[in-house]
Amino acid sequence: MTDIFSHPARPGIWRIAGQLSRRQYWLFAILGLFVPFAAWAMLSASGWVDPMFLPGPWNVLTRLVTWLLEDDLAGDALISTYRVAAGFALSAALALPLGLLIGAFRPVEALLEPLTDFIRYMPAVAFIPLVMLWLGIGESAKISIIFIGTFFQMVLMVADNVRLVPLAQIEAALTMGATRFEMMRLVLAQSARPAILDTLRITMGWAWTYLVVAELVAANSGLGYAILKAQRYLKTDTIFGGIILIGLIGLVIDQGFRWLHRRLYPWAHTRG
């Protein structure tokens with residue numbers, strides 16, 4: 001019997017770690033987005049599910065247009081984007097240097113990593129009563145929930161990025177007499193930058209997932225607030241519209257991070 005796995009892989013798009021042209025990539029990407037929406041449209045049109053629970057894509061699109069023209073969709077999207085961006089920026093400003101320290105120095109790792117591991121398993125929603133007591137019900141409370149949901153994960157991921165810097169680079173810098181500060185700034189931070197940018201891209205996705213949780217805190221605007229409000233009145237077209245819009249905003253941001261990564265670190269996207 002011929003063993004199909006004993007033959008070398010043929011060149012092509014289906015080989016392990018194969019390559020796609022930009023055209024092929026976008027064709028597959030469009031297919032991946034089209035199939036779930038087509039299945040949704042067929043299921044909703046079949047009549048098997050009550051439209052109250054599964055509105056069709058056209059109904060959702062119509063609701064989004066009404067939301068945009070009559071119910072200030074642009075304002076809801078902008079305030080939600082502001083809350084996510086502010087919470088994420090605060091997380092990054094603190095997590096990047098702290099993760100660098102944890103990844104660089106074992107005493108700092110021993111001091112802070114177990115505590116960070118302990119806190120990161122606590123659900124962010126459980127902090128809502130404390131945040132409301134400490135910060136009230138303004139924007140700072142909503143931003144803080146997004147911060148809590150992303151900061152501790154980001155610290156540990158950045159620390160892991162720093163630990164993966166090749167030892168040869170560290171030893172070479174030590175041989176040339178680099179100081180601790182120069183090692184951190186010119187070797188560890190520089191070498192880990194591509195991985196850290198990927199970490200920021202991933203944690204930005206987590207920031208958006210905490211949006212609805214953050215807008216539980218006495219909000220009267222925002223996409224998460226609109227979804228929660230629609231739930232009370234069984235307006236599933238608004239719920240679907242809000243979820244899809246958050247997904248689209250996230251997709252644009254994610255592609256922006258990917259473009260920036262390719263632009264800054266093109267060598268990381270070539271395979272030998």
Side-chain angles (χ1 to χ4, degrees), residues 25-26 28-45 49-92 124-125 128 138-139 141-150 200-260:
Y25 175 88
W26 284 110
F28 277 100
I30 292 170
L31 180 64
L33 291 171
F34 172 77
V35 170
F37 278 90
W40 170 26
M42 289 188 291
L43 182 60
S44 63
V49 183
D50 190 324
M52 178 178 290
F53 301 107
L54 185 67
W58 180 253
N59 294 333
V60 173
L61 179 61
T62 302
R63 173 58 190 138
L64 282 172
V65 172
T66 304
W67 191 354
L68 176 64
L69 298 178
E70 300 177 7
D71 298 328
D72 196 22
L73 173 59
D76 286 330
L78 285 173
I79 190 62
S80 291
T81 302
Y82 161 73
R83 289 164 181 161
V84 170
F88 177 80
L90 183 60
S91 291
V125 67
I128 288 179
E139 290 301 315
K142 301 169 184 62
I143 292 169
S144 295
I145 294 299
I146 294 173
F147 168 81
I148 292 169
T150 56
L200 294 177
R201 178 177 64 85
I202 293 168
T203 50
M204 171 59 85
W206 292 342
W208 276 98
T209 63
Y210 283 105
L211 175 66
V212 177
V213 174
E215 292 183 344
L216 282 170
V217 184
N220 56 13
S221 62
L223 297 175
Y225 165 76
I227 291 171
L228 293 169
K229 182 181 176 182
Q231 178 191 11
R232 294 198 293 268
Y233 299 101
L234 289 179
K235 294 182 177 180
T236 48
D237 53 352
T238 301
I239 296 173
F240 270 76
I243 292 171
I244 290 171
L245 188 56
I246 290 173
L248 289 174
I249 294 172
L251 179 61
V252 170
I253 294 173
D254 192 81
Q255 291 302 311
F257 270 108
R258 290 177 183 273
W259 175 85
L260 184 62

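Note: hydrogens, waters and symmetry copies are ignored here, and every other heavy atom, side chains too, is used. This chain uses plain numbering: 1 for the first residue, then up along the sequence.
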**OP:** Considering non-hydrogen atoms only, spot the tightest contact between Gly224 and Ser80 and give its length.
**Re:**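 Minimum heavy-atom contact is N-OG, 4.2 Å.
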
Subject >> Contact summary for Ala207 and Ile146, nearest pair of heavy atoms >> reply: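 Closest approach of Ala207 to Ile146: CB-CG2, 3.9 Å.
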
Can you name the residues that form a side-chain hydrogen bond (donor to acceptor under 3.5 Å, both in side chains) with [X], not counting sequence neighbours?
{"X": "Gln231", "value": "none"}
{"X": "Ser144", "value": "none"}
{"X": "Asp72", "value": "none"}

Please tabulate, for side-chain N and O atoms in residues 30-41, each donor-acceptor pair with protein atoms closer than 3.5 Å (sequence neighbours left out).
from, atom 1, to, atom 2, distance (Å)
Trp40, NE1, Pro55, O, 2.9

Subject >> Side chain proximity check, Leu200 to Phe88, heavy atoms < 4.5 angstrom >> reply: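 The answer is yes; the side chains approach within 4.5 Å.
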
Subject >> Test item: Ile128 and Val125 side chains (from C-beta on) under 4.5 Å apart, heavy atoms >> reply: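 SC-SC contact between Ile128 and Val125 confirmed.
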
Just how far is it from atom [atom1] of [X] to atom [atom2] of [Y], taken to the nearest 0.5 Å?
{"X": "Leu248", "Y": "Ile253", "atom1": "CG", "atom2": "CD1", "result": "11.0 Å"}
{"X": "Leu211", "Y": "Arg83", "atom1": "CG", "atom2": "CZ", "result": "7.5 Å"}
{"X": "Ile244", "Y": "Ile249", "atom1": "CD1", "atom2": "CD1", "result": "12.5 Å"}
{"X": "Ile79", "Y": "Asn220", "atom1": "CD1", "atom2": "CG", "result": "9.0 Å"}
{"X": "Leu251", "Y": "Ile246", "atom1": "CG", "atom2": "CD1", "result": "13.5 Å"}
{"X": "Leu73", "Y": "Leu78", "atom1": "CG", "atom2": "CG", "result": "9.0 Å"}

Original post:
Below 4.0 angstrom, N of the basic side chain to O of the carboxylate: do Glu215 and Lys142 qualify?
Top reply: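 Lys142 and Glu215: not salt-bridged.
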
Side-chain donor-acceptor distances from residues 235-243 under 3.5 Å, at least two apart:
from, atom 1, to, atom 2, distance (Å)
Thr236, OG1, Met52, O, 2.5
Thr238, OG1, Arg63, NE, 2.8

Subject >> side-chain contact (heavy atoms from CB on, under 4.5 Å) partner of Leu245, the single match among Asp76, Val60, Leu68, Leu223 >> reply: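 Of the listed options, the one satisfying the test is Leu223.
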
Original post:
Which pairs, with at least one residue in residues 200-232 and sequence neighbours excluded, count as a ring-ring contact (aromatic ring centres under 6.0 Å, His included)?
Top reply: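 For residues 200-232, and leaving out neighbouring residues, there are no ring-ring contact (aromatic ring centres under 6.0 Å, His included) pairs at all.
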
